[in-house]
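Predicted model only: the values in this text are computed from it and were never measured. Whatever order the structure lists ligands and atoms in, that order sets their numbers, starting from 1.
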Amino acid sequence: MVEKEVERTIDALLEERREFEPPKEFTAQANANDPSIYEHAQKDPEAWWESQAERLSWSKKWDKVLEWNPPHQEWFVGGKLNASYNCLDRHLEESGDRIAYHWIGEPGDARSISYQELHAEVCKLANALKELGVQKGDRVAIYLPMIPELPASMLACARIGAVHSVVFGGFSAGSLRDRINDADCKILITADGGYRRGQNVPLKENADEALAETESIEKVIVVKRTTDDVAMSDGRDIVYSDLLESQSDKCEPEEMDAEDMLYVLYTSGTTGKPKGIVHTTGGYLTGVSSTHHLIFDIKPDSDVYWCAADIGWVTGHSYIVYGPLANGCTSILYEGAPDYPDKDRYWSIVEEYKATILYTAPTAIRAMMKWGVDYPQKHDLSSLRLLGSVGEPINPEAWIWYQEFIGAGKAPVVDTWWQTETGAIMISALPGITKLKPGSATVPFPGVVADVVDEKGEPVGPGSGGYLVLKRPAPAMMRTIFGDDDRYRETYFERYGDETYFPGDGARLDDEGYYWLLGRVDDVMNVAGHRLSTYEVESALVAHESVAEAAVVGRTDPKEGQAIVAFVTPRSGHEGNEDLSKELRQHVGKAIGKIARPQSIIFTDDLPKTRSGKIMRRLLRDVADGNELGDVTTLQNAPILDEIKKKADSQADDKDDK
Ligand code: 7RM
């Protein structure tokens, strides 16, 4: 009975009725406007991916498209290319003067860099790295703010065949140390500091602390970004501009094998130390170039594309650096926070640079909803023609708000599902073809074969929740975990066998084959024997007019298995009090069913989030259970946890009247 009720109301919640066909004018000009590409890709995925690899410049063509020895895969076997050549050199003749990045510093300084200029900088740095003894296959750690030297450093590594390991500039000394040690990095490229929300981030100080416990780093290259005086260690540390001064702006790109490693990027697992996700050259570049072209509908000579992620996150690797540059387009690169100096910073950038495409995360969109429509409405956003979302499921309300207030009701919103591990977008609309349903990432990209299965791996079919799986290789997929292939097998292939990749996300299919992502499977709660995804309850909460953001966790409960605890951030103008608490419980009860009503609601100004904006429910579970907090090093706003803890301790549970 209860179960039925829950099922039915979840249906109501998830089967968001609003649907949006692609606008005719959009389809008419779209890079992807022929639905038959899905059929072609399905019939012969290898031929499809081969056609996409042809978007790149290869110095030697591949002998074989795919070598699949499950769980391992190799793409474009025998092919040779260089990533930096593909991102820079090949554009120079026709569009060397085109701007690669409009860079905007947080304090207000700005610089526009053409492809020609970026190429010169990359060559100089590549020559310098060689001079410092960096060889093909060596690892180089990069710990920089969002400044042009960051993509330049990545491309300089790629140019000489070195493997970069970018460590997000907001990470601590300890995180940097562990990542340097795991990949045995030889060189570190960092900066004196960076700016974030008006504050200086002491990157060099952190780096020095990290280097006290690493053995492998021989030289440290230091970009001067701030006016801070930093300690320079004699013989080890070199100023970036000094190093480049004497270098030639020509550097032959190293011919790389399609399967040579391009980079390693660390992603934290649920337990233990972060995993170094390994990406190779040919397949990765094919995947990001193809998805960027078709999903973001890039027109290199007219678009001003802005992915507002950090390059230290995979979204920045794939959709600020490699995808956009491989496609020769103009991007915005913004250093700072969305609310500095005020909460309309993004909109003033969109207006000033006439951005046409914006790609950001649901957490940013929800923050903007919370701040109110006055901020975007102060600016002319009419240049925007396409919007994207990534990082978490986007609740229908945020989706509609984004389309309405940022996209003037006309810009399609592409909700893109993918992971560090998949390298490129795997599930997303093609905006000129796919009908949109707010809250659904829609359908797998051509050539991607997905499904939703149960514990045993049986397809669950439309309507029921289950586990998302990918059933065929895709070129941009990770190849292994750096130095730990066993962990690669265990984490992703133990569950369903070597041929089926398990990303760790819950999902549900509707009767049109659309995917509705339900969050990480570790976030599923068990309430009195019923499985509920935290996302479903959160989505119901944020549908209430007074709620800006919500995170839900299961607290260990002797009676129920788990009891639902909700952490709620009210919208501006609303107060988190006893009355609202009652109202929200009722609201969730009505939307999903009594069983989904939170036992306690804790109001808080913010939620603990990773640097890429993902809510860290694991830490909220610790708070709810009264446990010692787990690893907080990847948190962007650690102080909020103390505040939440205090509130949780002082707030008596609401009466359970179930
Ligand atoms: C790109 C990125 C991966 C995890 C993934 C999901 C979640 C990402 C969406 C999403 C629902 C989306 N890489 N996720 N995009 N969930 N809808 N459109 O985020 O490695 O940092 O995270 O993020 O749980 O497994 S990541």
Side-chain angles (χ1 to χ4, degrees), residues 14 166 168 171 264-270 274-279 284 287-288 291-292 295 307-323 359-366 387-396 398-399 402 413-429 434 436-445 448 450 452 465 467-470 476-478 481 491-492 501-508 514-524 533-536 538-539 609-618 634 636:
L14 292 183
V166 176
F168 174 67
F171 279 165
V264 53
L265 178 62
Y266 286 82
T267 177
S268 38
T270 41
K275 306 183 279 269
I277 303 300
V278 169
H279 284 292
Y284 174 78
V288 297
T291 49
H292 184 253
I295 295 168
C307 168
D310 196 286
I311 292 179
W313 182 33
V314 73
T315 303
H317 280 58
S318 299
Y319 297 108
I320 299 178
V321 182
Y322 289 108
Y359 188 30
T360 187
T363 177
I365 299 163
R366 286 190 296 260
L387 302 171
S389 170
V390 59
E392 282 190 298
I394 177 164
N395 50 295
W399 195 106
Y402 194 30
V413 175
V414 289
D415 173 9
T416 62
W417 179 90
W418 59 296
Q419 307 178 295
T420 309
E421 291 88 338
T422 68
I425 296 167
M426 294 282 129
I427 302 179
S428 166
T434 319
L436 303 175
K437 304 185 187 183
S440 166
T442 74
V443 296
F445 188 75
V448 173
V452 178
Y467 304 101
L468 178 67
V469 291
L470 300 180
M477 284 290 290
M478 71 186 301
I481 291 175
T491 311
Y492 306 104
Y501 173 77
F502 173 57
D505 278 17
R508 165 187 180 94
Y514 275 51
Y515 286 73
W516 297 77
L517 277 303
L518 297 173
R520 304 291 300 164
V521 296
D522 346 305
D523 289 337
V524 169
S533 122
T534 56
Y535 169 66
E536 288 159 337
E538 287 161 9
S539 195
K609 287 178 199 151
T610 65
R611 312 287 170 170
S612 62
K614 292 190 214 303
I615 298 168
M616 290 191 80
R617 295 182 187 74
R618 164 171 76 70
T634 57
Q636 64 163 309

Do [X] and [Y] meet the criterion of a side-chain donor-acceptor pair at a distance under 3.5 Å?
X      : Y      : value
Lys614 : Thr363 : no
Tyr359 : Thr315 : no
Thr291 : Tyr319 : yes
Thr422 : Tyr501 : no

Is a side-chain donor or acceptor of His317 paired with a backbone partner of Ile311 at a separation under 3.5 angstrom? yes

Amino acids in close contact with ligand 1, where any non-hydrogen atom sits under 4.0 angstrom away: Trp313, Val314, Thr315, Val390, Gly391, Glu392, Pro393, Asp415, Thr416, Trp417, Trp418, Gln419, Thr420, Asp505, Leu517, Arg520, Lys614

Does the distance from a Lys or Arg side-chain N to an Asp or Glu carboxylate O, for Arg520 and Glu392, drop under 4.0 Å? no

